[in-house]
Amino acid sequence: MFEQNKEAKSILSIREERIKEIEELRREGIDPFGQSFPGKEAIIKVIDKFNQIATGEPSQENVIIAGRIMALRKHGKAAFADLEDQTGKIQVYIKSNFIGTDSFEIFKDISVGDIIGITGTVFKTKTGELTVLANKFTLLTKTLRTLPEKWHGLTDTETRYRKRYLDLIANQEVKELFIERSKIVKYIRNFLDNKGFLEVETPVLQPIPGGATATPFVTHHLSLHQDLYLKIAPELYLKRLLVGGLEKVYELNRNFRNEGISTRHNPEFTMLELYEAYADYHTMMEIAEEMVCDILKKLRGTLVIQYQGEMLDFTPPWKRISMYEAIKSVTGINPDEIKNEEIGDLIAQFQLELPKDAAKGEVINELFEKKVEHTLIQPTFIIDYPVEVSPLSKQKPGYPHLVERFELFINSMEIANAFTELNDPLEQKVRFLQQAESKSEGEINQNFVDYDYIEALEYGMPPAGGMGVGIDRLIMLLTNKDSIREVILFPQLKKKD
RNA sequence: GGGCCGUUAGCUCAGUAGGUAGAGCAUCUGACUCUUAAUCAGAGGGUCGCAGGUUCGAGGCCUGCACGGCCUACCA
């Protein structure tokens, strides 16, 4: 408390001044925190409507606008203000003889950051700037604090993330980015809805965290006397819906993983998972391609975009290459020819983070992640993964050591993960148990084997394809951001007291 | 978890070899009815992230801590 007072000391004087102004306004019968303001038009609409008018004569009709004052240039008995709402910014001209001397007296106490409503006519100044000539102004909200500086804006990363509202006020492009994010999500929903997918919601609180091997967040339900885990993936629930006869489902929702935070990882992130009965991983590749291209066309009108200095070309078909071929072309090693006795040497040679008795598939996967991933810049489907690292995928007919799975890489980031779903309950049980054994010290253990899911499969899940898409990462690519925190409104930061 | 860097006024930043903190914007007072980073005149605002240490003296040096950024590690 004492600490806070010390910190707040310097702004206290400004706040105190503003609080005095507020008290004064109240004495004059003006509500400093306003009421609803009916009839407000979007500033962008006013601009669009009047942009073509000639300099000089104001319009006959009134417009009603409201927003925050971003700049204020006072000139004695007149003033110019830049008024901004969600849609845009327009200059307002307030003249004493137009709004009346009493009203202008009140306006004198208005400052940058205050939110006001304006009724007025529209004209162009002699410099050609579209301006609303106020004949009435209404104070809607007084600000107690000063906004970040108008010229440099707000650049301190920490403040931008902790006080995103200030970031949105001060940095136009941040506001635009989050409006775009909303559009992208909407495009995805429209795309899937048009394809006949059903949007569903599955539990966030799960008794067994399944569908991935990430470390879960643990919580506790009091009246159930039971620990619950925040969902790390919706996968096993969505596939239960396939068993139930829903043939095309998707969920666009938050996942929670109790792991490291980085420019590509936030503990809670948005995941799209979709499943289509009677389809397979080829179907999923087509959907991925079509969906991303659909978004790009609507958002950018082009399939070629710039990302952090790289030109990314999304023109389909995207490159499809098997994991084995990819490893061979980068390292010269043919995974097909790796013999079990060579595994130890390979681990040493490539400094792989694996135990000496690692399975061949794990070595191949690790080799891929270490040597190939960072080379995948253009959209690329890496297909056919080792079975050992893919417990929920169906084996490739004729290749029992491989599964029908792909990951989509763009700018060496994993954007999507998809497979032909394993629907054999007996095989699924074996895979779960193998997984539980090999990770006995890790996150997965015997208690996390979801027997209820296996039982569901025993009732029969149609052959299906499924895919997960990391939405935050996709948005990073589409909006040219190099940190996931830039595309999440309130990224996770450590508490600061 | 490890490495490097950062933290000075509300915001953006200076602060040279250790000698009691500066600027611009913002704020306040005054002038000003076509300005737009408005202008002009004046004023106030800081325990220099926190805690120790070295020193006659620390914003600057040393140690620890906190928070943040980047890299790395972890991550089906």
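Residue numbers begin at 1 in each chain, while the letters A, B, ... track the order of the sequences.
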Residue T127(A), side-chain atoms from C-beta onward, closest of rA76(B), rC70(B), rU35(B):
rU35(B)
Residue H265(A), side-chain atoms from C-beta onward, closest of rC75(B), rU12(B), rU33(B):
rC75(B)
Less than 4.5 Å apart, any side-chain heavy atom of [X] and any of [Y]?
| X | Y | answer |
| --- | --- | --- |
| K49(A) | V63(A) | no |
| F256(A) | V204(A) | yes |
| D482(A) | Y307(A) | yes |
| N411(A) | I377(A) | yes |
| M284(A) | F381(A) | no |

[N] and [M]: how far apart are their [atom1] atoms, nearest whole angstrom?
| N | M | atom1 | value |
| --- | --- | --- | --- |
| rG44(B) | rU35(B) | C1' | 27 Å |
| rG18(B) | rU55(B) | C1' | 9 Å |
| rA23(B) | rA43(B) | P | 11 Å |
| rU47(B) | rG60(B) | P | 16 Å |
| rA58(B) | rA51(B) | P | 14 Å |
| rC67(B) | rU29(B) | C1' | 39 Å |
| rG22(B) | rG45(B) | C1' | 13 Å |
| rA17(B) | rG6(B) | P | 16 Å |

Value in whole Å for how far the [atom2] atom of [N] lies from [atom1] of [X]:
| X | N | atom1 | atom2 | value |
| --- | --- | --- | --- | --- |
| Q492(A) | rG69(B) | CD | P | 12 Å |
| E362(A) | rC75(B) | CD | P | 11 Å |
| R145(A) | rA9(B) | CZ | P | 15 Å |
| R264(A) | rC70(B) | CZ | P | 12 Å |
| F432(A) | rA76(B) | CZ | P | 15 Å |
| F104(A) | rU33(B) | CZ | C1' | 8 Å |
| F269(A) | rC75(B) | CZ | P | 15 Å |
| R485(A) | rC67(B) | CZ | C1' | 13 Å |

How is [X] classified with respect to the nucleic acid when contacts are heavy atoms under 4.0 Å: base, sugar-phosphate, or nothing?
| X | answer |
| --- | --- |
| T263(A) | sugar-phosphate |
| E407(A) | sugar-phosphate |
| Y161(A) | sugar-phosphate |
| K494(A) | sugar-phosphate |
| G211(A) | base |
| F419(A) | nothing |

Does rG15(B) adopt a syn or an anti glycosidic conformation, taking syn as a chi angle within 90° of 0?
anti
Distance-only criterion, 3.5 Å: show the donor-acceptor pairs between side-chain atoms of residues 366-375 of chain A and protein atoms not counting sequence neighbours.
residue	atom	partner	partner atom	Å
E369(A)	OE2	N365(A)	ND2	3.4
K370(A)	NZ	Q351(A)	O	2.8
T375(A)	OG1	V372(A)	O	2.5

May I ask you to verify if any side-chain N or O of [X] is less than 4.0 angstrom from the OP1 or OP2 atom of [N]?
| X | N | value |
| --- | --- | --- |
| R73(A) | rA38(B) | yes |
| R162(A) | rG68(B) | yes |
| T125(A) | rC34(B) | no |
| T155(A) | rU12(B) | yes |

Which heavy atom in F104(A) sits nearest to a heavy atom in G76(A), and how many Å separate them?
CE2-O, 3.2 Å
Side-chain ([X]) to main-chain ([Y]) donor-acceptor, under 3.5 angstrom:
| X | Y | value |
| --- | --- | --- |
| R264(A) | E414(A) | no |
| K394(A) | E404(A) | no |
| N51(A) | D48(A) | no |

Base rU72(B) paired with S262(A) side chain (donor-acceptor, <3.5 Å):
no
Dot-bracket for RNA chain B, 5' to 3', counting Watson-Crick or G-U wobble pairs under 3.5 Å, with [ ] for crossing pairs and | for inter-strand pairs?
(((((((..((((.....[..)))).(((((.......))))).....(((((..]....))))))))))))....
Taking atom types as modelled, is there a side-chain donor on Q308(A) or N480(A) under 3.5 Å from an acceptor on the other?
yes
Do N266(A) and D472(A) pair up side chain to side chain, a donor and an acceptor below 3.5 Å, judged on atom types alone?
no
May I ask you to say whether D82(A) pairs ionically with K150(A), meaning some side-chain N is under 4.0 Å from a carboxylate O?
no
Salt-bridge contact K20(A)-E24(A) (side-chain N to carboxylate O under 4.0 Å)
no
When you check every protein heavy atom under 4.0 Å of nucleotides 24-31 of chain B, what one-letter string (B, S, -) results, 5' to 3'?
BBSSS---
Could you give the side-chain donor-acceptor pairs of residues 90-103 of chain A under 3.5 Å, partners two or more places apart or in another chain?
residue	atom	partner	partner atom	Å
Q91(A)	OE1	R73(A)	NH2	2.7
Q91(A)	NE2	T131(A)	OG1	3.0

Only one of R320(A), K396(A), R405(A) passes salt bridge (Lys or Arg N to Asp or Glu O under 4.0 Å) with D384(A), and that residue is K396(A)
Under 3.5 Å between N/O atoms: give me all the protein pairs with nucleotides 2-8 of chain B, atom names plus distance.
none

Would you please classify the geometry between the F448(A) ring and the Y229(A) ring as parallel, tilted or perpendicular, with 30° and 60° separating the classes?
perpendicular
Using a strict heavy-atom distance below 4.0 Å, which residues from residues 95-102 of chain A are in contact with RNA chain B?
K95(A), N97(A)
Would you mind telling me which residue lines up with the more 5' stretch of RNA chain B, D156(A) or G128(A), judged by nearest nucleotide?
D156(A)
